[in-house]
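Take a look at the structure set out below.
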Amino acid sequence: MEPASAIERILAAIRAVPRGEVAGYGHIARRAGLPGRARMVARVLSGNEDPGLPWHRILRSDGRIAFPPGSRGFKEQAKRLRAEGVDVRDGRVRMPRADASIDEQVWGM
DNA sequence: CTCATGACTAGCT
DNA sequence: TAGCTAGCCATGA
């Protein structure tokens with residue numbers, strides 16, 4: 001067993017993000033062995049149906065929520081993040097180098 | 001095959 | 001920080 005489908009690897013990478021932490025689309029893609037496929041990660045998320053998937057922990061590279069401000073998904077995501085103790089200000093996550101530290105602390109990169 | 005679309009990025013001003 | 005541009009990739013018409 002090896003090459004689980006790209007989608008599976010992406011989902012696995014997303015599930016690997018710990019509670020209270022966040023990661024970017026590009027990082028998830030890279031972690032799934034698909035460098036440069038950030039848009040594919042977004043595609044997978046948009047079509048995802050697994051209610052247990054921590055999709056709210058995935059943000060854009062600039063730390064902002066990828067949904068249009070005010071939209072339903074936007075509010076929901078901000079709500080879930082705050083519920084995990086993440087500081088969300090104006091659609092933007094306040095986490096100093098969250099991405100970088102995640103690579104190192106979570107995935108040991 | 002070409003064109004448009006999108007939960008994207010990186011670079012420049 | 002904000003705005004704009006070009007690049008990128010999978011899908012579907």
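Just so it is clear: chains get the letters A, B, ... in the order the sequence lines come, proteins before strands, and each one is counted from 1.
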Going by the rule side-chain contact (heavy atoms from CB on, under 4.5 Å), which residues pair with [X] if we only count those two or more places apart in sequence or in a different chain?
X: A:R89; value: A:D87, A:R94
X: A:A78; value: A:I65, A:R82, A:V88
X: A:A66; value: A:Y25, A:R60

Where [X] and [Y] come nearest, the two heavy atoms and their spacing:
X: A:V17; Y: A:A23; answer: CG2-CB, 3.9 Å
X: A:A6; Y: A:M40; answer: CB-CE, 3.7 Å
X: A:I10; Y: A:I28; answer: O-CG2, 3.9 Å
X: A:I58; Y: A:Q77; answer: O-NE2, 3.0 Å

Grab the [atom1]-[atom2] distance between [X] and [N] for me, whole Å please.
X: A:R30; N: B:dT9; atom1: CZ; atom2: C1'; value: 13 Å
X: A:R89; N: C:dT1; atom1: CZ; atom2: P; value: 13 Å
X: A:R60; N: B:dG6; atom1: CZ; atom2: C1'; value: 12 Å
X: A:F74; N: B:dA7; atom1: CZ; atom2: P; value: 15 Å
X: A:I58; N: B:dG6; atom1: CD1; atom2: P; value: 21 Å

Between N or O atoms, less than 3.5 Å apart, protein on one side and nucleotides 3-5 of chain B on the other: list the pairs.
none

Could you write nucleotides 6-13 of chain C as a row of B, S and -, 5' to 3', where a protein heavy atom under 4.0 Å of any base atom gives B, of only sugar-phosphate atoms gives S, and otherwise -?
--BBSS--
Can you tell me if CD1 on A:I7 sees more than 12 non-hydrogen neighbours from other groups inside 6.0 Å?
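No - once you tally the heavy atoms of other residues, nucleotides and ligands closer than 6.0 Å, there are 12 at most.
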Crowding at CG, A:D50 (>12 non-hydrogen neighbours, <6.0 Å):
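Yes, the 6.0 Å shell around CG holds more than 12 heavy atoms from other groups.
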If you restrict it to nitrogen or oxygen atoms, what contacts under 3.5 Å exist between nucleotides 11-13 of chain B and the protein, and what is each distance?
none

Between C:dA13 and B:dC1 - C1' atom distance, rounded Å
12 Å
Would you measure the distance from the P atom in C:dG7 across to the matching atom in B:dA7 and give it in whole Å?
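22 Å, rounded to whole Å.
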Test item: A:R43 side-chain N/O and A:V41 main-chain N/O as donor-acceptor pair under 3.5 Å
no
Nearest-nucleotide pick for A:S61, side chain only, options being B:dC8, B:dA7, B:dA10:
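When the side chain of A:S61 is considered, B:dA10 is the closest of B:dC8, B:dA7, B:dA10.
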Give A:R72 one of three labels, base, sugar-phosphate or nothing, depending on what nucleic acid heavy atoms sit under 4.0 Å from its own.
nothing
Salt bridge flag under 4.0 Å for residues A:R80 and A:E84
no
